[in-house]
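Take a look at the structure set out below.
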Amino acid sequence: QTHLDIPAIQSRCTQIIERERIYARFREFGFDYQAAFQTSVRFYLNNQEVLQELELPSVISETGSEFTLHPCILDGALRTLLGPYLASDD
């Protein structure tokens, strides 16, 4: 059985981007995520991998049990693809 070794991925990642920087970069790109959609806690990156830590914001935490996969978490997960852009200074 194959599993995803999260601690191993984190240990290989040389760059960590925290919540404040994540949303500052998104604003630079023209995206202003409201509180309910601010699910990103941090990104872990290297030149081959991106891992993102997500959490359901407190403003909508009471809706968490209404879904198998909360739409705001899904939205945040898709933003993992933007990790390399957040890390660049361009």
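All values reported here derive from a predicted model rather than from experimental measurement.
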- Answer yes if L54 and L81 sit in the same cluster of Ile, Leu, Val, Met, Phe, Trp and Tyr residues linked by side chain heavy atoms under 4.5 Å apart, and no otherwise. no

- Task: Check for a donor-acceptor pair, side chain of Y44 on one end and backbone N or O of R12 on the other, with a separation under 3.5 Å.
- Result: no

- Message: How long is the straight-line distance from CZ of R42 back to CD of E55, given to the nearest 0.5 Å?
- Response: 8.5 Å

- Can you tell if the side chain of F43 reaches within under 4.5 Å of the side chain of I22, non-hydrogen atoms only? yes

- Query: Should we count CZ of F67 as having more than 12 external heavy atoms under 6.0 Å?
  - Reply: yes

- Message: Do R79 and T39 make a side-chain contact, defined as non-hydrogen atoms from C-beta onward lying under 4.5 Å apart?
- Response: yes

- Task: In plain terms, say whether E53 and R19 are close enough for a salt bridge, that is, a side-chain N and a carboxylate O under 4.0 Å apart.
- Result: no

- Verdict with reasoning, F26 to L82, per side chain to side chain contact (heavy atoms under 4.5 Å, CB included): CA-CA 9 Å; F26 280 136; L82 299 175; 3.6 Å; yes

- Query: Which atoms form the tightest heavy-atom contact between T63 and H70, and what is the distance?
  - Reply: OG1-NE2, 2.8 Å

- Set of residues satisfying salt bridge (charged side-chain N to carboxylate O under 4.0 Å, His left out) with respect to R27, sequence neighbours excluded: none

- Between CG on residue L86 and CZ on residue R21, distance to nearest 0.5 Å: 8.5 Å

- Message: Are Y23 and V50 linked, directly or through intermediate hydrophobic residues, by side-chain heavy-atom contacts shorter than 4.5 Å (ILVMFWY only)?
- Response: yes

- Item | Shortest non-hydrogen contact between A36 and C72, atoms and distance | O-SG, 3.4 Å

- Item | Donor-acceptor under 3.5 Å (Q52 side chain, G76 main chain) | yes

- Under 3.5 Å donor-acceptor, R25 side chain and S88 backbone: yes

- Task: Working to the nearest 0.5 Å, report the span between CG of N47 and OG1 of T14.
- Result: 7.5 Å

- Query: Is atom CD of E20 surrounded by more than 12 heavy atoms (other residues, nucleotides or ligands) closer than 6.0 Å?
  - Reply: no

- Item | Side-chain donor or acceptor of Q38 paired with backbone N/O of Y33 under 3.5 Å | yes

- Residues S11 and A8: closest non-hydrogen pair is OG-O, 2.8 Å

- Correct closest heavy-atom pair for P84 and L45 would be N-CD2, 3.7 Å

- Any chain of hydrophobic side-chain contacts (each under 4.5 Å) joining V59 to V41? no

- Query: Are L69 and L78 connected in the hydrophobic side-chain network, where two residues link if heavy atoms are under 4.5 Å apart?
  - Reply: no

- Would I73 end up clustered with I60 when hydrophobic side chains under 4.5 Å apart are linked, directly or stepwise? yes

